[in-house]
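Fair warning: this is a prediction, and the values are worked out from it, not measured in the lab.
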Amino acid sequence: MSEDLSGVWDGTYLQPGTGMVTFTATLVDANGTLSGGITEPCSNPRCPVRTHNASITGHRSGSAVAFVKRYEPPGFGFDTVHYEGAVNAEATEIDGRWRLPGESGSFLMIRAGRTAQTATTERRAKAPAR
């Protein structure tokens with residue numbers, strides 16, 4: 001898999017105690033080095049901000065993708081989250097797991113503007129953490 005992953009991606013992740021959280025990621029893929037940003041709503045009811053912004057740094061090798069999300073600014077129970085996943089053959093979906101010390105969950109990103117199979121997307125989003 002060598003297709004460039006640069007672009008806008010719509011995503012969801014499952015967080016224990018909160019449920020599904022949606023986000024928008026903008027990725028820049030420079031020969032396998034990933035950077036970019038994420039915007040997501042605050043899922044903590046005591047959070048004083050409505051929207052979180054985070055930066056992404058990571059890499060891809062073949063279909064494997066790994067990146068670190070760093071909230072800016074850190075706080076409100078949010079800091080650094082590690083993501084590992086795999087890109088599908090069409091480079092339209094990234095499916096994997098996120099982790100923090102002591103907890104983890106699944107995530108799914110779909111390239112904006114590309115058609116993805118709705119049934120597959122819903123099944124993956126609802127699947128228990130692997």
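How far OG1 of Thr51 is from CD1 of Ile38: 13.5 Å, rounded to the nearest 0.5 Å. For the atom pair CD of Glu3 and OG of Ser63, the computed distance is 13.0 Å after rounding to the nearest 0.5 Å. Here the CG-CD distance, from Leu100 to Gln15, works out to 7.5 Å after rounding to the nearest 0.5 Å. The CG atom of Asp10 sits 7.5 Å away from the CD1 atom of Ile110 when rounded to the nearest 0.5 Å. Taken to the nearest 0.5 Å, the CD1 atom of Ile56 stands 8.0 Å off from the OH atom of Tyr83.
The side-chain contact (heavy atoms from CB on, under 4.5 Å) test applied to Pro16 returns Trp98, Glu103, not counting sequence neighbours. Glu84 is linked by a salt bridge (charged side-chain N to carboxylate O under 4.0 Å, His left out) to Arg99, counting only residues two or more places apart in sequence or in another chain.
You'll find the side chain of His59 stays beyond 4.5 Å of the side chain of Thr33, heavy atoms only. Side-chain contact between Lys69 and Glu40 is present, with heavy atoms from C-beta onward closer than 4.5 Å. Residues Ile94 and Phe107 form a side-chain contact, since some pair of their non-hydrogen atoms from C-beta on lies under 4.5 Å apart. Residues Thr24 and Val8 meet the side-chain proximity criterion, which asks for heavy atoms closer than 4.5 Å. Between Arg60 and Val87, every side-chain heavy-atom pair lies at or beyond the 4.5 Å cut-off.
Between Phe23 and Tyr13, the angle of the ring planes lies from 30° to 60°, which puts this pair in the tilted group.
Looking only at distances, a side-chain donor or acceptor of Arg111 sits under 3.5 Å from a matching main-chain atom of Ser6.
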